[in-house]
Amino acid sequence: MEVELIDRIFVKPEAEMICAIPISCLGANDKMFWGFSKKGKFTVRSTYHAEVQWQYERRGSTSEVRKDAEQWKNLWSMDVPGGRRHFVWNALNNALPTKSNLFKRKVTEDSLCPMCRREEEDVQHALWCCPAAADVWDENSSHVRKWLNQIHDFSRLWSELSNRLSNGCLERVVAIMRGIWGRRNAFVFEDKFASPGHVVRTTLAGLEEYQEANAKMEGSRVRCEARRERRRWQIPVGDNCKLNFDAAVDLNNRRIGIGIIVRDCNGDILAAV
Ligand SMILES: [Zn+2]
């Protein structure tokens with residue numbers, strides 16, 4: 001019964017791998033376990049290392065692996081909201097719920113693109129080749145326009161983009177890609193269709209707002225560290241003790257925390273609370 005269920009949900013190779021997992025003869029309860037980290041807990045970092053390892057095993061070429069690792073590094077260091085980075089990560093791992101992927105898992109009856117209804121909707125089609133996506137790229141006068149429809153594989157496209165574009169330009173491309181996917185979802189699930197110009201304007205405005213807020217936070221962090229550096233603790237004079245205290249307020253949870261420390265003229269701690 002379970003085997004039939006697995007066969008219905010997964011494609012054949014995946015179903016075979018699942019059914020090959022040995023089942024505990026002690027009758028222990030199932031639990032979630034991620035095999036690429038020591039403690040069995042999922043972390044993005046562990047998938048990065050696993051991917052690099054797979055690439056290495058597949059190609060056996062360190063230079064290729066290094067190039068790929070560089071691209072992943074570019075992805076995680078981009079100044080875009082975290083969700084955008086994970087979006088590209090999912091796209092690169094073919095983990096977006098495109099019609100093609102849903103069809104393979106027997107969730108939908110066809111794999112046709114819901115926007116143009118002309119071709120199969122895989123990641124590359126949804127974000128790049130579909131006429132609906134092309135309209136959005138047409139709106140944006142960035143450098144990427146000339147590569148439109150020439151590349152049919154998303155990993156290769158990402159490789160080209162991250163090698164050729166400046167960081168700022170790549171960040172805008174990522175924001176627009178996420179905007180195209182969001183627009184596609186709004187069309188499928190809410191029957192809304194935003195104009196290409198609207199997609200570009202809203203995604204780029206959102207990115208600008210995020211980067212400005214990030215720059216302000218970075219500025220205040222640097223100022224804070226400089227202030228802390230200037231106000232380094234000094235030993236009290238003579239036989240005196242020194243008491244320092246600090247407080248933090250959590251407005252959301254209506255809580256306050258206070259810390260107090262007393263040290264003598266040698267800097268030894270006499271009391272802390
Ligand atoms: Zn399409």
Side-chain angles (χ1 to χ4, degrees), residues 8-14 51 68 71-72 74-75 78 80-165 168-207:
R8 268 213 310 278
I9 297 172
F10 297 95
V11 292
K12 201 162 180 288
E14 288 170 348
E51 177 62 25
D68 278 2
Q71 282 167 16
W72 289 117
N74 282 347
L75 172 62
M78 276 194 305
V80 295
R84 306 284 181 275
R85 293 193 285 264
H86 285 103
F87 170 75
V88 176
W89 165 268
N90 282 334
L92 282 165
N93 286 289
N94 193 23
L96 292 182
T98 57
K99 286 288 292 289
S100 170
N101 281 338
L102 295 177
F103 180 65
K104 278 181 204 154
R105 283 166 174 71
K106 302 185 172 76
V107 178
T108 54
E109 288 178 354
D110 64 73
S111 59
L112 268 188
C113 170
M115 304 295 279
C116 66
R117 306 288 303 165
R118 281 190 221 161
E119 287 180 45
E120 180 177 333
E121 189 203 43
D122 55 16
V123 171
Q124 178 69 0
H125 179 86
L127 303 180
W128 200 252
C129 302
C130 178
D135 283 348
V136 177
W137 293 116
D138 275 345
E139 278 291 322
N140 179 41
S141 55
S142 69
H143 307 81
V144 301
R145 178 72 183 93
K146 60 187 171 188
W147 299 320
L148 266 176
N149 296 329
Q150 289 172 5
I151 299 174
H152 297 280
D153 170 77
F154 190 75
S155 301
R156 226 195 101 208
L157 175 71
W158 178 254
S159 173
E160 292 286 329
L161 292 171
S162 50
N163 283 336
R164 295 197 201 183
L165 297 180
C169 201
L170 191 62
E171 285 157 7
R172 286 193 290 279
V173 164
V174 166
I176 292 172
M177 272 180 187
R178 183 64 186 86
I180 289 173
W181 182 249
R183 175 210 204 200
R184 175 260 190 217
N185 288 340
F187 178 72
V188 173
F189 300 113
E190 300 166 46
D191 206 20
K192 288 180 185 163
F193 188 80
S195 72
H198 179 79
V199 176
V200 173
R201 276 194 306 279
T202 51
T203 51
L204 293 187
L207 177 68

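Counting starts at 1 for both ligands and their atoms, following the listed order.
- Each of Phe154, Trp137, Trp181 was compared with Trp128 under the ring pair (Phe, Tyr, Trp, His ring centres under 6.0 Å) criterion, and only Trp137 meets it.
- Distances under 2.8 Å from the Zn ion (ligand 1) pick out the protein N/O/S atoms Cys113 SG, Cys116 SG, His125 NE2, Cys130 SG.
- In this structure, a donor-acceptor pair under 3.5 Å is absent between the side chains of Glu121 and Thr98.
- If you take CG on Asp135 and CD1 on Ile180, they are separated by 9.5 Å, rounding to the nearest 0.5 Å.
- Applying the salt bridge (Lys or Arg N to Asp or Glu O under 4.0 Å) test to Glu190 and every residue at least two apart in sequence or in another chain returns Lys192.
- For the pair Arg183 and Phe193, the cation-pi test (distance below 6.0 Å, angle within 45°) is passed.
- Distance CG/Asp122 to SG/Cys129: 7.5 Å, rounded to 0.5 Å.
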